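What follows is a set of notes on a single structure, which appears directly below.
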Amino acid sequence: MSNSLPFNASMLSGLFTPLSPEQEPDHTPGFWAVLQGSSLLVPAGLQQARLPYGALPADMVPQTEPLKIGLWQGKPLRALRIAASDMLPLEHEALPFQGPDSRLDNTLATIAGRAAQIMHWERRSRFCSHCGGRMTRIPAGWGKRCISCGDEHFPHIHPCIIVLVRRGAELLLIRKAAWNPGRFSLVAGFLDFGESLEECVQREVREEAEIEVTNIRYVGSQCWPFPSQQMIGFLADYVSGEVKPDGVEVVEAVWFDEAALPESPGGKRSIARWIMEMYGKN
Ligand SMILES: [Zn+2]
């Protein structure tokens with residue numbers, strides 16, 4: 001089940017209880033999810049990283065107010081950011097939570113992702129996108145209401161399809177222009193106005209590789225907090241056309257034999273990798 005993927009809530013079951021933001025001050029000691037870019041600050045030198053607990057390091061300068069996002073092992077968990085240019089506090093290191101660092105297990109990567117996604121929304125929901133007025137919290141959730149025009153705004157989570165296309169024993173992988181040579185992944189893209197998820201799959205495959213697909217079936221989904229996508233995974237079968245990359249967004253579109261795939265398509269914690277492992281062999 002895709003529930004067990006990193007960044008999905010099930011990864012945190014038994015460890016984390018989400019809470020909507022508290023209005024009243026709470027000074028109980030707790031854990032910290034301190035982010036610098038897409039890295040999580042942890043005590044230095046541990047084989048298995050853990051969240052910092054208790055008082056914040058004295059030499060740390062938070063860029064944002066601490067935000068209580070839930071309970072971690074029964075204690076308050078507060079999230080905040082430090083600037084990308086800040087020196088790390090003494091005896092701490094910052095581990096990238098999207099990437100493959102094995103000292104940061106999937107549960108810590110997932111809680112860091114949750115904190116990142118919430119803080120991304122908080123930073124971008126201070127003012128109303130309709131009238132520019134200040135926003136205030138709607139109780140019991142992460143939604144906001146404009147104090148000027150009354151518009152209500154809810155967290156922006158962007159749906160994005162990702163699809164493994166099969167032709168017999170061959171699988172379609174693409175390389176985007178921004179990726180290093182040799183790095184391939186699955187066709188993926190954002191849902192557009194006026195289309196179903198299946199239509200989005202057909203359009204993205206057409207745009208990125210100029211082929212037609214059919215028999216589109218859903219296999220699973222993943223929260224992808226970089227910064228706030230919902231990845232919706234599909235399989236599809238080839239129908240017609242010669243693969244041809246668009247040459248702009250996609251520079252290579254290649255049929256790979258399922259027995260000779262390139263190294264780890266997608267990141268270690270991504271649904272691309274999971275789809276390949278689950279469905280990449282006949
Ligand atoms: Zn407004």
Side-chain angles (χ1 to χ4, degrees), residues 7-9 12 16-28 30-41 56 60-72 76-86 97-98 110-162 188-201 203-204 207 221-232 249 271:
F7 308 117
N8 287 349
L12 300 176
F16 177 66
T17 309
L19 295 175
S20 54
E22 301 284 341
Q23 297 300 315
E24 68 272 23
D26 169 8
H27 302 294
T28 326
F31 291 97
W32 294 95
V34 178
L35 304 189
Q36 184 180 48
S38 287
S39 293
L40 177 69
L41 199 76
L56 281 176
M60 198 174 82
V61 185
Q63 197 182 26
T64 57
E65 283 292 308
L67 183 66
K68 186 170 151 190
I69 63 170
L71 303 176
W72 182 256
L77 174 64
R78 298 179 180 92
L80 61 81
R81 280 196 166 278
I82 58 173
S85 56
D86 278 3
F97 54 89
Q98 180 179 343
T110 300
I111 199 63
R114 177 77 69 107
Q117 195 174 17
I118 290 173
M119 287 193 284
H120 180 76
W121 162 247
E122 286 293 306
R123 204 162 58 246
R124 278 157 183 74
S125 61
R126 292 173 300 161
F127 299 98
C128 175
S129 55
H130 178 61
C131 77
R134 283 209 169 270
M135 303 247 268
T136 182
R137 241 180 244 301
I138 300 171
W142 293 101
K144 305 275 184 82
R145 183 181 293 114
C146 175
I147 57 175
S148 193
C149 76
D151 250 24
E152 293 187 344
H153 302 257
F154 294 93
H156 298 168
I157 298 168
H158 305 286
C160 191
I161 65 88
I162 181 162
F190 288 103
L191 187 68
D192 207 347
F193 294 121
E195 63 186 8
S196 69
L197 294 173
E198 291 82 356
E199 288 168 335
C200 181
V201 167
R203 176 183 54 75
E204 286 291 343
E207 283 178 6
S221 63
Q222 182 188 34
C223 166
W224 191 244
F226 304 98
S228 194
Q229 278 91 266
Q230 175 61 231
M231 303 302 299
I232 306 151
E249 189 188 354
I271 193 172

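What you are looking at is a predicted structure, and each value in this text was computed from that prediction instead of being measured. Counting starts at 1 for both ligands and their atoms, in listed order.
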Quiz item: Can a salt bridge be assigned to the pair Arg203 and Glu199 using a cut-off of 4.0 Å between side-chain N and carboxylate O?
Solution: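 Looking at Arg203 and Glu199, the cut-off is not met.
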Quiz prompt | Salt-bridge criterion met for Arg81 and Glu65 (N-O under 4.0 Å) | solution =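 No, no charged N to carboxylate O under 4.0 Å.
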Self-check item: Between Ser38 and Gln98, a side-chain donor and acceptor under 3.5 Å
Solution: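 Short answer, no.
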Exercise. Dump the intermediate steps for side chain to side chain contact (heavy atoms under 4.5 Å, CB included) on Leu67 and Ile118, then the final yes or no.
Key: CA-CA 9 Å; Leu67 183 66; Ile118 290 173; 3.8 Å; yes
Exercise. Take Met119 and Arg124 through the side chain to side chain contact (heavy atoms under 4.5 Å, CB included) test and state the conclusion after the steps.
Key: CA-CA 9 Å; Met119 287 193 284; Arg124 278 157 183 74; over 6 Å; no
Quiz prompt | Number of protein N, O or S atoms [distance to the Zn ion (ligand 1) under 2.8 Å] | solution =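 Every protein N, O or S atom under 2.8 Å from the Zn ion (ligand 1) counted, the figure is 4.
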Quiz prompt | Pairs involving residues 121-162, ordered by first then second residue, that meet ring-ring contact (aromatic ring centres under 6.0 Å, His included) (sequence neighbours left out) | solution =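 Residue pairs passing ring-ring contact (aromatic ring centres under 6.0 Å, His included), neighbours aside: Trp121-His156.
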